[in-house]
Amino acid sequence: MGDRSRRARADWTTFEAAGRDLEARARALGLEREELAAQIEPLELAVEGGCLEYKRQALRTAFRAIEEARYRSLPSAQIAAHARQFGVYAYVATIQRLMADGTIQIRDHQPSGPAEAASEPELDVKRIIAEIQERVKSDPALRVRQPVKNILMQLSRYTRELEQFKEITARTPAEKRGGIAENFRRTTEEIFASIRRNYEQLLREERAAPSGPRHILLRIPVKPLAGLYLKQARAAMEVRSGLIFAREEQQGTREMLLTLADHREQMIAMVDEEEASYLQLSGTKGLAQQMARAFAQELAKRIERETEVY
C-alpha cells in the first residue's frame with residue numbers, strides 16, 4: 001500500500017470514528033463554522049434540482065480548480081482550500097447517509113391537535129406564518145391547498161399594506177397620523193383574522209384526512225440510499241486526502257493533482273446514480289424532484305442547527 005493510500009485510509013478512519021457527532025466530524029475535517037454555514041444559502045437556493053443541483057455545482061467548481069494544475073502550478077494554500085471543499089462535500093453526504101439510515105431523524109410537520117386549536121382562539125399569527133413557510137419549503141406542492149394559498153396571499157397583502165403605511169406616514173405631519181394608524185390597525189386585524197381562519201381550516205382538513213406522514217422523505221423509503229451516500233463521502237474523502245498528501249509532499253505535485261482530477265467523472269456519475277435512485281424509489285419524475293428539494297432543505301436546516309453551537 002502506497003503512502004497516499006495509507007493517508008486516505010487513516011483520514012477515513014478518523015472521520016468515521018466520530019459516528020453521529022457531526023461537530024466531531026467537522027473537526028476531523030478541519031472545517032470551520034463559517035465554511036459549513038456558507039453551505040446553507042446554496043442549499044436553500046437550489047430550488048430546481050435540490051441536493052442534486054447543489055452537488056453538481058460543488059463538484060464542477062472543485063474539480064475545475066484542480067484541473068488548473070494542467071496549466072500552472074497551484075500554491076500550497078490553494079491546494080489546502082480545494083481539500084476543504086471536498087471535506088465539505090464528504091460532510092454533506094454523511095449527513096444524508098445518517099438521515100437515510102435513520103440515525104438522524106427527519107421530523108414530520110404535524111398539525112396542532114384539536115384540543116390545542118380549541119384552546120387557542122387567538123392563534124399567534126407569526127407562528128402560523130413561520131410554520132406555513134417552513135412546510136411549503138419542504139413540500140412545494142402544499143402551495144396548491146386553498147387555505148395555504150389564502151394565507152400566503154394575505155401575507156403578501158400585509159407586506160404591501162405595511163410598506164404603504166410607512167410611506168404615507170413618513171410624508172404626513174405627526175398631528176394627522178392618528179387616522180392613518182387606525183386604518184392600518186383595522187386592516188391588519190382583518191388580515192390576521194383571515195390568516196387564523198384559513199389556518200384553522202387547514203388543520204380541520206388535515207385531521208379529517210387519513211393519518212400518515214406528509215414529509216416526502218418519510219413517505220418514500222430512503223434507507224436504500226444510505227450505501228450510495230457512503231460511497232459519495234468516501235470518494236470525496238479520497239480526493240481530499242490526496243490533495244493534502246500532494247501539498248505535504250511538495251514533489252510530483254502537478255502529476256498527483258492531475259490524477260485526482262480524473263475522479264471527476266466517477267463522482268458526477270454517483271450524483272447521476274442518486275438522481276436515478278430517487279426516480280426508482282418514488283415512481284415519478286415529479287416526486288423524485290420533490291425528494292431532491294426536500295433533502296436540500298433538510299441539509300440546510302441540519303447544518304444551520306450544527307453551526308449554531310459549533
Mind listing the closest non-hydrogen atom pair of Glu67 and Ala261 along with its distance?
CG-CB, 3.7 Å
Checking Phe86 now: which residues fulfil ring-ring contact (aromatic ring centres under 6.0 Å, His included) with it, not counting sequence neighbours?
Phe63
Scanning both residues in full, the closest heavy-atom pair of Leu257 with Ile66 reads O-CG2, 3.4 Å
Salt bridge Glu275-Arg56, side-chain N to carboxylate O under 4.0 Å:
yes
Which pairs, with at least one residue in residues 172-183 and sequence neighbours excluded, count as a salt bridge (Lys or Arg N to Asp or Glu O under 4.0 Å)?
Glu182-Arg185, Glu182-Arg186
Are Ile244 and Tyr91 connected, step by step, through hydrophobic side chains (Ile, Leu, Val, Met, Phe, Trp, Tyr) whose heavy atoms are closer than 4.5 Å?
no
Are any of the side-chain heavy atoms of Leu152 and Arg143 separated by less than 4.5 Å?
yes
Looking at Glu298 and Arg302, is any side-chain nitrogen of the basic one under 4.0 Å from a carboxylate oxygen of the acidic one?
no
Applying side-chain contact (heavy atoms from CB on, under 4.5 Å), run through Asn198 and Ile128 and close with a yes or a no.
CA-CA 10 Å; Asn198 280 282; Ile128 293 172; over 6 Å; no
Is it true that atom CD of Glu189 has more than 12 heavy atoms of other residues, nucleotides or ligands lying nearer than 6.0 Å?
yes
N/O donor-acceptor pair under 3.5 Å between Arg25 side chain and Arg20 backbone:
no
Determine yes or no for a side-chain-to-main-chain donor-acceptor pair under 3.5 angstrom, with Gln39 supplying the side chain and Glu35 the backbone.
yes
Does a donor on one side chain sit under 3.5 Å from an acceptor on the other, for Gln146 and Asn150?
yes
Indicate, with yes or no, if Val125 and Leu162 share a hydrophobic cluster defined by side-chain heavy-atom contacts under 4.5 Å among Ile, Leu, Val, Met, Phe, Trp and Tyr.
yes
So salt bridge (Lys or Arg N to Asp or Glu O under 4.0 Å) across residues 90-104, not counting sequence neighbours, yields Glu16-Arg97
Residues that Asp11 engages under side-chain contact (heavy atoms from CB on, under 4.5 Å), provided they are two or more places apart:
Arg7, Met237, Arg240, Ser241
Any chance you could measure Glu273, atom CD, to Gln232, atom CD, to the nearest 0.5 Å?
8.0 Å
Cluster check Met267, Leu228: I/L/V/M/F/W/Y, side chain < 4.5 angstrom:
no
Point-to-point distance, once rounded to the nearest 0.5 Å, from CD1 of Ile132 to CG of Leu142
6.5 Å
Show your working on side-chain contact (heavy atoms from CB on, under 4.5 Å) between Gln96 and Leu299 and close with a plain yes or no.
CA-CA 7 Å; Gln96 278 189 285; Leu299 284 166; 3.8 Å; yes
Does any part of the side chain of Thr94, heavy atoms only, come nearer than 4.5 Å to the side chain of Phe15, both counted from C-beta?
yes
Are Leu279 and Leu217 co-members of a hydrophobic cluster defined by side-chain heavy atoms under 4.5 Å apart?
no
Contacts of Gln164 that satisfy side chain to side chain donor-acceptor pair (under 3.5 Å) - sequence neighbours left out
none
Within the supplied structure, the quantity of interest is the number of heavy atoms (other residues, nucleotides, ligands) at a distance under 6.0 Å from Arg60 CZ; does it exceed 12?
yes
Please list, chain by chain and in numerical order, all residues satisfying salt bridge (Lys or Arg N to Asp or Glu O under 4.0 Å) with Lys223, sequence neighbours excluded.
none
Considering non-hydrogen atoms only, spot the tightest contact between Ala93 and Tyr229 and give its length.
O-CB, 3.5 Å
Under the side chain to side chain donor-acceptor pair (under 3.5 Å) test, which residues partner Glu53, sequence neighbours left out?
none
Inter- and intrachain pairs under ring pair (Phe, Tyr, Trp, His ring centres under 6.0 Å), touching residues 31-55, at least two apart:
none
Should Phe192 and Tyr158 be marked as a ring pair (Phe, Tyr, Trp, His ring centres under 6.0 Å) after you check the CA-CA gap, both sets of side-chain angles, and the distance that decides it?
CA-CA 9 Å; Phe192 288 178; Tyr158 174 75; 5.4 Å; yes
Which residues satisfy the side chain to side chain donor-acceptor pair (under 3.5 Å) test with Gln289, sequence neighbours excluded?
none
Check ion pair Arg27-Glu23 (N to O, under 4.0 angstrom)
yes
Could you grab the distance from atom OG of Ser194 to atom CG of Leu155, nearest 0.5 Å is fine?
11.5 Å
So, for Phe245 and Arg4, which heavy atoms are closest and what is the spacing to 0.1 Å?
CD2-CG, 3.7 Å
Closest heavy-atom pair and its distance - Pro224, Pro221:
CD-O, 3.7 Å
What is the distance from atom CG of Leu31 to atom CZ of Arg84, rounded to the nearest 0.5 Å?
8.0 Å
State plainly whether one hydrophobic cluster holds both Val47 and Val271, where clusters connect Ile, Leu, Val, Met, Phe, Trp and Tyr through side-chain heavy atoms under 4.5 angstrom apart.
no
Test side-chain contact (heavy atoms from CB on, under 4.5 Å) on Glu205 and Gln201 and set out the steps.
CA-CA 6 Å; Glu205 291 178 3; Gln201 176 63 32; 3.1 Å; yes
What pair of heavy atoms forms the shortest contact from Cys51 to Phe295, and how long is it?
SG-CB, 3.7 Å
Pairs meeting criterion salt bridge (Lys or Arg N to Asp or Glu O under 4.0 Å) with involvement of residues 154-163, two or more places apart:
Arg157-Glu190
Whether the side chain of Arg33 engages the backbone of Thr307 through a donor-acceptor N/O pair (distance < 3.5 Å, no angle test) should be reported.
yes
Arg135/Leu202 under side-chain contact (heavy atoms from CB on, under 4.5 Å): CA gap, chis, key distance, verdict
CA-CA 12 Å; Arg135 289 177 58 179; Leu202 179 65; 4.0 Å; yes
Counterpart residues, side chain to side chain donor-acceptor pair (under 3.5 Å), relative to Arg171 (two or more places apart):
Glu167
Separation between CZ of Arg305 and CD1 of Ile40, rounded to the nearest 0.5 Å
11.5 Å
Where at least one partner belongs to residues 25-50, residue pairs that pass ring pair (Phe, Tyr, Trp, His ring centres under 6.0 Å), sequence neighbours excluded:
none
Taken to the nearest 0.5 Å, the spacing of Gln290 CD from Tyr278 OH works out to 13.0 Å
